[in-house]
S.K.: 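Quick one: the structure is below, questions incoming.
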Amino acid sequence: HLSQKPKTLSVAFPPKTLAHQSPPPPSMARSSSLSEAEAGISCYASSLPGFRGVLKHRYSDFIVHEVARDGAIVQLTSFDLPTECVDVKEEEKVAPAADADHSQALESFRALCGDADCEALRGLLERVSAGGDGDVLPVILSPDADKAHRSEVHNFFKRSFKFLVTDTVEHSDGVQRCIRVRLGSAAGGRRGGGGGGRGRKRKSMGGSDWRDDRPFDSRGSSNWSDGVGKFLRFYLYKENKDTQEALGVIGKMLGLQPRAFGFAGTKDKRAVTTQQVTVFKVHASRLASLNKRLFGIKVGNFCYVKEGLVLGQLMGNRFTITLRGVVAESEDMIKTAVDGLGKNGFINYYGLQYEQRDDINEVRRHYKEHGDIDIALRNFPRHLVAERAILQCLKKCPGNHLQALKGIPRTLRMMYVHSYQSYLWNHAASMRVEKYGISQVVEGDLVYNKECPPEELASLDIPEVDGGHTNSIEIDLCSEAQPEETIQSVKKVDSGDLLKGVYTFDDLVLPLPGSQALFPGNEVAEIYHEMARKDGISLTENAHGVKEFSIISMKGGYRRVFQRPIGFEWELMTYTNDSTSLAETDLDVLSRTKPKEANELVSSHESEDKLEKASDTSVPTNGSSTVENKPTGSPDTDTSVPINGSSTLENKPTGSPDTLPKKLAIKLAFTLPASCYATMAIRELLKTSTSVAYQKTLSC
């Protein structure tokens with residue numbers, strides 16, 4: 001474990017060419033995750049020597065703040081409710097609750113739809129009354145070919161069961177139509193709230209979790225003042241949880257589906273992160289009331305806005321990263337390396353993602369050997385959306401593997417394609433640096449066209465979003481499916497450009513392959529097609545006819561090969577206690593500036609918080625993130641500063657601080673554009689691999 005006396009190597013690797021090669025990791029048992037070399041990550045931007053340092057010893061060593069499109073840093077600063085007022089209609093105040101006596105309405109429904117559908121509805125009401133909320137599955141009524149009768153059924157639910165919503169879906173035979181009944185998004189908390197109108201019809205019942213293609217769940221409160229924005233925007237603060245997991249917890253408490261929430265980018269799990277989130281027609285008071293029940297999650301900075309967020313609507317992220325256990329030949333060596341990163345930047349690789357946990361691998365092995373879908377579904381955690389979606393579809397349609405793959409939420413399916421694009425891009429970037437160096441552009445390179453007028457700006461094509469995806473699945477190369485940046489048109493460098501000297505290595509881009517992507521006019525282009533051919537993949541045609549799994553179905557885009565950190569700051573500090581927090585989180589700042597307000601929200605979870613902190617020293621997964629923002633002052637580095645205002649239990653060493661040896665740490669703060677990987681900057685600084693398998697060897 002990296003949290004157990006790390007033994008990192010401090011080495012410098014002399015370059016043979018301008019492409020500075022990373023060393024192969026020592027021999028080890030084959031890991032389930034990709035090595036950097038396999039992922040195409042093999043070069044460094046400079047030949048400056050690295051040094052020893054431990055990344056993510058604690059999850060609070062990796063703090064991420066989203067940077068909004070207006071350049072504002074997203075920081076949790078308030079739990080106050082917005083000044084705007086949303087009125088509640090009188091008829092909704094007296095609407096019957098889910099646990100009321102519905103016997104008379106059920107008898108009316110029996111006369112309308114028959115015994116079987118009535119009993120199915122009765123079962124749904126019993127599950128809702130029992131408090132299942134987010135776990136309550138929808139009920140599909142019997143096939144009904146009479147459109148007029150279906151309309152009558154829809155209207156019946158609007159009158160008699162305001163906390164339920166209905167829509168029309170196709171039967172699995174693709175011919176008949178059925179009515180689906182499910183818990184409304186406003187049902188959690190005050191189930192008498194109106195579920196609102198009907199949703200758009202589904203094309204098929206074969207999808208995962210009955211999601212439709214809306215970018216958000218439109219079934220919010222039906223009472224809403226005209227002068228108030230229909231979306232509630234709030235700041236989501238989370239510790240050691242990925243974005244989907246945190247929103248899943250909130251959604252379950254509110255009775256909302258995952259697609260109810262909009263956000264600009266997914267953030268790391270092993271980190272403390274703050275980001276913007278929107279939800280359709282939910283009262284701020286409902287969300288704020290959850291804070292005392294939320295563990296490792298807080299929401300605040302509420303306001304009502306007119307539009308919901310979708311992926312890519314951010315400028316970037318700001319990171320505050322602490323490297324512990326720093327060992328180098330001298331402090332001058334550290335200063336030279338850190339200043340070099342700030343000045344020279346790093347190769348803009350797509351970073352590695354998490355290694356799969358052993359218990360999950362065991363579930364997969366068991367299913368492979370025995371093929372028992374029910375056992376696998378019981379054992380797979382709910383956050384593994386892709387695995388569960390595939391198994392649920394195979395249970396309904398045994399042997400239909402294509403349909404099972406289509407059961408994965410669309411955004412996640414597209415992430416797999418983007419992951420392969422990233423894989424090819426990494427290898428192409430390494431080849432470009434190895435073959436031509438980084439001192440200048442060469443003929444045939446792709447660059448942003450500086451002569452292109454502003455009106456020709458175009459956006460990179462990235463998979464569309466339905467909000468029902470998750471980032472928890474093991475995807476080795478892409479932790480965020482979001483646009484790179486708004487880019488100018490691209491051109492190939494010609495001899496005239498070289499004579500003028502108008503382009504530098506900073507302008508160099510490489511394509512993410514797609515139907516409209518332009519490839520370089522030199523030998524780098526061949527690496528794309530050569531690697532794809534080895535994998536049996538065509539970059540020019542759709543060989544299997546399934547659009548969702550085809551690279552050619554995407555337009556493609558471009559990514560800078562070289563990136564410099566923005567607003568780069570760093571600080572060298574000493575500490576003695578491994579459980580000491582070396583950077584303040586948003587909740588730390590609130591505990592200091594608004595102690596009464598903050599402590600009221602965390603006191604009820606003090607005992608749970610201690611358990612959470614005890615898990616903060618588990619093996620770093622080294623997943624890369626978006627970005628964070630946090631040049632806040634650091635606490636006394638020789639005293640433990642708890643993240644949530646409670647004491648920590650993290651591997652506290654015995655003996656007094658006076659007798660413990662002092663250790664060295666570096667705190668870095670910088671901003672990166674959206675989809676750039678902070679771990680690739682750390683890799684450039686330390687000159688060591690960020691893969692989980694290699695990091696584990698450093699503690700041996």
Side-chain angles (χ1 to χ4, degrees), residues 58-68 72-83 232-241 243 246-247 249-250 253 263 267-268 270-279 284-303 317-322 579-613 616 625 627-637 639-650 667 669:
R58 295 166 49 109
Y59 62 74
S60 52
D61 289 342
F62 203 92
I63 304 176
V64 181
H65 288 86
E66 191 167 89
V67 180
I73 292 172
V74 177
Q75 292 178 285
L76 185 66
T77 59
S78 171
F79 299 112
D80 297 336
L81 296 178
T83 56
L232 173 66
R233 187 182 70 197
F234 62 95
Y235 288 0
L236 171 68
Y237 169 95
K238 62 181 182 64
E239 298 179 348
N240 205 28
K241 293 175 176 61
T243 301
L247 292 178
V249 171
I250 295 172
M253 290 181 175
F263 50 89
K267 302 293 185 277
D268 279 18
R270 188 170 175 80
V272 178
T273 72
T274 309
Q275 66 186 108
Q276 294 185 104
V277 179
T278 57
V279 62
S285 57
R286 289 188 62 203
L287 203 55
S289 68
L290 303 180
N291 271 324
K292 289 187 178 181
R293 300 162 54 195
L294 291 169
F295 171 51
I297 304 169
K298 291 292 174 282
V299 292
N301 292 78
F302 304 103
C303 71
N317 300 272
R318 184 163 182 85
F319 296 92
T320 299
I321 299 174
T322 303
S579 63
T580 298
S581 291
L582 302 181
E584 280 189 317
T585 66
D586 289 354
L587 214 51
D588 288 332
V589 176
L590 278 168
S591 296
R592 182 163 48 78
T593 58
K594 301 179 181 180
K596 182 179 179 180
E597 185 178 5
N599 291 336
E600 284 179 354
L601 296 178
V602 299
S603 58
S604 62
H605 285 304
E606 183 173 0
S607 59
E608 294 179 82
D609 188 44
K610 291 179 180 179
L611 294 175
E612 178 77 357
K613 298 304 179 206
D616 195 4
S625 162
V627 195
E628 89 96 34
N629 137 53
K630 209 158 180 25
T632 58
S634 65
D636 182 354
T637 56
T639 57
S640 179
V641 179
I643 292 182
N644 272 348
S646 59
S647 59
T648 63
L649 299 178
E650 299 182 78
K667 184 168 69 174

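Hydrogens, waters and symmetry mates are skipped; everything else that's a heavy atom, side chains included, is used.
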S.K.: When rounded to the nearest 0.5 angstrom, what distance separates CG in Leu582 from CD1 in Ile321?
M.R.: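 Between atom CG of Leu582 and atom CD1 of Ile321 there are 13.5 Å.
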
S.K.: To the nearest 0.5 Å, tell me how far Tyr237 OH sits from Leu587 CG.
M.R.: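 These two atoms lie 4.5 Å from each other.
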
S.K.: Could you grab the distance from atom CG of Leu294 to atom NZ of Lys238, nearest 0.5 Å is fine?
M.R.: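 Here the interatomic distance stands at 13.5 Å.
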
S.K.: Of all residues at least two apart in sequence or in a different chain, which pass the side chain to side chain donor-acceptor pair (under 3.5 Å) check with Ser289?
M.R.: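 Here no residue qualifies.
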
S.K.: Please check if the side chain of Thr274 supplies one atom and the backbone of His65 the other of a donor-acceptor pair under 3.5 Å.
M.R.: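 Side chain of Thr274 to backbone of His65: no pair is present.
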
S.K.: Report yes or no: do Thr322 and Lys667 form a side-chain donor-acceptor pair below 3.5 Å?
M.R.: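 Side chains of Thr322 and Lys667: no pair found under 3.5 Å.
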
S.K.: For Ala284, which residues count as a side chain to side chain contact (heavy atoms under 4.5 Å, CB included) partner, sequence neighbours excluded?
M.R.: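 Once residues adjacent in sequence are excluded, the partners of Ala284 under the side chain to side chain contact (heavy atoms under 4.5 Å, CB included) criterion are Leu81, Pro82, Leu232, Phe302, Tyr304.
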
S.K.: Considering all heavy atoms of both residues, which atom of Ala583 and which atom of Thr320 are nearest to each other, and what is their separation?
M.R.: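 Shortest heavy-atom contact: CB-CG2, 4.0 Å.
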
S.K.: Where do Pro595 and Thr593 come nearest, in terms of heavy atoms and distance?
M.R.: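 Taking Pro595 first and Thr593 second, the nearest heavy atoms are CD-C, 3.4 Å.
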
S.K.: Ignoring hydrogens, what is the shortest heavy-atom contact between Lys267 and Thr243? Give both atom names and the distance.
M.R.: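 Heavy atoms only, the tightest pair is N-OG1, 2.9 Å.
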
S.K.: Val299 and Leu76: which non-hydrogen atoms are nearest, and at how many Å?
M.R.: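 Scanning both residues completely, I find the closest heavy atoms to be C-CD1, 4.1 Å.
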
S.K.: For residues Lys241 and Gly296, report the shortest heavy-atom separation together with the two atoms involved.
M.R.: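 Lys241 and Gly296 have their closest heavy atoms at NZ-CA, 3.9 Å.
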
S.K.: Taking Glu66 for its side chain and Gln276 for its backbone only, find out whether a donor-acceptor pair lies under 3.5 Å.
M.R.: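 Answer holds: yes.
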
S.K.: CG of Leu236 to CZ of Phe263: how many Å apart, nearest 0.5 Å?
M.R.: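 Answer for the CG-CZ pair, Leu236 versus Phe263, is 9.5 Å.
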
S.K.: Can you name the side chain to side chain donor-acceptor pair (under 3.5 Å) partners of Thr77, sequence neighbours left out?
M.R.: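 Checked Thr77 against side chain to side chain donor-acceptor pair (under 3.5 Å); matches are Asn301.
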
S.K.: State whether a side-chain donor-acceptor pair under 3.5 Å links Thr585 with Asp588.
M.R.: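 The answer is yes; a qualifying pair exists.
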
S.K.: Under a 4.5 Å cut-off applied to non-hydrogen side-chain atoms, are Val279 and Phe234 in contact?
M.R.: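 Sidechains of Phe234 and Val279: in contact.
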
S.K.: Does the side chain of Phe79 reach to within under 4.5 Å of the side chain of Leu590, using non-hydrogen atoms?
M.R.: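 When only atoms from C-beta onward are counted, Leu590 and Phe79 do touch, with a gap below 4.5 Å.
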
S.K.: Which heavy atom of Val272 sits nearest to which heavy atom of Ser60, and what is that distance?
M.R.: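 It is CG2-CA, 3.8 Å.
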
S.K.: Pair Phe62, Arg270 - check side-chain contact (heavy atoms from CB on, under 4.5 Å), show working.
M.R.: CA-CA 7 Å; Phe62 203 92; Arg270 188 170 175 80; over 6 Å; no

S.K.: Which distance, rounded to the nearest 0.5 Å, do you find between the CZ of Arg286 and the CE of Met253?
M.R.: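 If we round to the nearest 0.5 Å, Arg286:CZ and Met253:CE are 12.5 Å apart.
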
S.K.: Go through the structure and list residues passing side chain to side chain donor-acceptor pair (under 3.5 Å) with Thr278, not counting sequence neighbours.
M.R.: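 By the side chain to side chain donor-acceptor pair (under 3.5 Å) rule, Thr278 matches no residue at all.
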
